[in-house]
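Sequence lines set the chain letters: A, B, ... in the order given, protein chains first and strands last, and positions in each chain run from 1. Side chains included, hydrogens not; waters and symmetry mates left out as well; all remaining heavy atoms used. For clarity, every value in this text was computed on a predicted model and none was experimentally measured.
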Protein chains: 2
Amino acid sequence: MTKSTAASADPELPTEGASPLLPGTWEGEIVDLYTHLAQAFSLPKSVGAIFGIIFASPTPLSLDDVVERLGISKGSGSAGLKLLQRVGAIKSTFLPGDRRTRYTPETSLRRLLIGLLQETVAPHLRQSAQRLETLPALLEEHSAEERKILESRLRALSAWESKTRRLLPFALAFLGKPLKKQG
Amino acid sequence: MTKSTAASADPELPTEGASPLLPGTWEGEIVDLYTHLAQAFSLPKSVGAIFGIIFASPTPLSLDDVVERLGISKGSGSAGLKLLQRVGAIKSTFLPGDRRTRYTPETSLRRLLIGLLQETVAPHLRQSAQRLETLPALLEEHSAEERKILESRLRALSAWESKTRRLLPFALAFLGKPLKKQG
DNA sequence: AAGCTTGTTCAGAAAATTTTGAACACCCTC
DNA sequence: GAGGGTGTTCAAAATTTTCTGAACAAGCTT
């Protein structure tokens, strides 16, 4: 059900008989958009593309669909889908009479961001917060004057940790709310 | 996961080139902490290390100081300092009677995050927002039924863009406020 | 159970990113 | 205007990340 009839020459694209993802098409533009967005979050381009092709499809897609439409390997597709599902960016559905798992996009920004944060920054932040505790003791070897400066830095560091942790639930609540008219 | 970073032996020799950044020391722990934090933001480890060594020092450091203490190349040091300055994570100061530029850490989380966001995600988001405008036209080729679904996806996408853009100033204001007593 | 279909794993290949180091440019000071 | 200190650039090397593809596992169906 995809548009085809791309009878034009493709000087660039491999003639593998696959990827009809030309720019200017709905799927092509969406995939491209998410591919770039993925880079904003330092995620592999393929992950963005996979989310894009799922987002662009009015019906749930299977691993094979994704692999075929994107022209990527099954390994990549499998790994990408698993990552997207782990961060909650896609949901799996099961159509009756079909053994394949199919995927639909998560459209709640709140859930999307929660998953992403949990996956990427949260572990590092947690680890850093832990390290913070051992630091004050290491200041003993410095002169009183130096210690004054370094202690204020340490306080700043603690404050960062505290602020970000307190901001997060707030921000997520905001993102969960419906959009109001511009004031 | 071990931090080999050269200098595995010789905790004694204080020769110029050696890196005395052992774990358990103030500098070592701070550098390590920021090296890990950098990875949380998908920045090169060296960038985190550079910020760390500057953060750990009670006095402003020069490029040479950084390069020597971290045991990295001048090229890396120069690039890292430039990046950190561009995102506003460090400030340059000039000590009288010294031609070298010296650097101190930015301790305002607000400024730190503003710079980081501006540098990393903002351009991508801006670009994506632009692309959004051309998308509705591409839906024409779909059936009415499909279009209903895809249009709602498009609305979600627009809403994301709008929400994140509106949340940002809000969040940054929050981060700029002094920390209040826990309530 | 044999034969499909669906999906995962993982070692090696490919690609992208980061680091190095030496050459270079730009002031200063003398 | 030579010499030395300070910092940047960039091509190539090292490292890390991502992708591939074929082998493998697990489940249905007959």
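Nearest nucleotide to the side chain of B:L63, out of C:dG21, D:dT8, D:dT20: D:dT8. In the set C:dG21, D:dT20, C:dG7, the nucleotide with an atom closest to the side chain of A:S76 is D:dT20. With D:dT8, C:dT19, D:dG21 as the candidates, the nucleotide lying closest to the side chain of B:K82 is D:dT8.
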Check the interface with nucleotides 11-15 of chain D: list each N/O to N/O pair with the protein under 3.5 Å, or write none.
none

Enumerate the protein-to-nucleotides 23-30 of chain D contacts in which both atoms are nitrogen or oxygen and the separation is below 3.5 Å.
from   : atom 1 : to    : atom 2 : distance (Å)
D:dG27 : N2     : A:R99 : NH2    : 2.9

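Cluster membership for A:F41 and B:L116, using ILVMFWY side-chain heavy atoms within less than 4.5 angstrom, is shared. Hydrophobic clustering places B:L125 together with B:F170 (ILVMFWY residues linked when any side-chain heavy atoms are closer than 4.5 Å, directly or through intermediates).
The distance between atom CZ of A:R102 and atom P of C:dT5, rounded to the nearest whole Å, is 15 Å. Across the protein-nucleic acid pair, A:L81 atom CG and D:dC19 atom P stand 13 Å apart, rounded to whole Å. Rounded to an integer number of Å, the gap from A:I50 CD1 to D:dT20 C1' is 13 Å. Summarising the geometry, the separation between CG on B:L70 and P on C:dT18 is reported as 16 Å, rounded to the nearest angstrom.
When all heavy atoms of B:G48 and B:A38 are compared, the closest pair comes out as CA-CB, 3.7 Å. Across all their heavy atoms, B:A171 and A:L167 have their closest contact at CB-CD2, 3.9 Å. Of all the heavy atoms in A:D65 and A:P60, the pair that sits closest is OD2-O, 4.4 Å.
Among the heavy atoms of the strands lying under 4.0 Å from A:T101 are primed sugar atoms or P, OP1, OP2 only; no base atom is included.
Ring planes of A:W160 and B:Y34: perpendicular class, angle over 60° (limits at 30 and 60°). Ring planes of B:H124 and A:H36: tilted class, angle from 30 to 60°.
Checked by atom type and distance alone, the side chain of B:S57 never pairs as donor or acceptor with a backbone atom of B:I53 at under 3.5 Å. In this structure, the side chain of A:D32 does not engage the main chain of A:E29 through any donor-acceptor pair within 3.5 Å. No side-chain donor-acceptor contact under 3.5 Å links A:S78 to the backbone of A:G75.
The side-chain hydrogen bond (donor to acceptor under 3.5 Å, both in side chains) test applied to B:R86 returns B:E119, not counting sequence neighbours. Listed by chain and number, the residues in a side-chain hydrogen bond (donor to acceptor under 3.5 Å, both in side chains) with A:E161 are A:R165 (sequence neighbours excluded).
Along DNA chain D, the nucleotide nearest to B:S78 and the one nearest to A:I72 differ in position, and the one closer to the 5' end is contacted by B:S78. The residue among A:D64 and B:S46 whose nearest nucleotide of DNA chain C is located toward the 5' end is A:D64.
Within the 4.5 Å cutoff, the side chain of A:L135 has heavy atoms near those of the B:L33 side chain. A heavy-atom distance below 4.5 Å is found between the side chains of B:L21 and B:L70.
Near-neighbour residues of DNA chain D inside residues 86-98 of chain A, defined by a heavy atom below 4.0 Å, are absent.
The rotation axes computed at either terminus of the helix from C:dA1-D:dT30 to C:dC30-D:dG1 lie 10° apart, taking five pairs at each end and rounding to 10 degrees.
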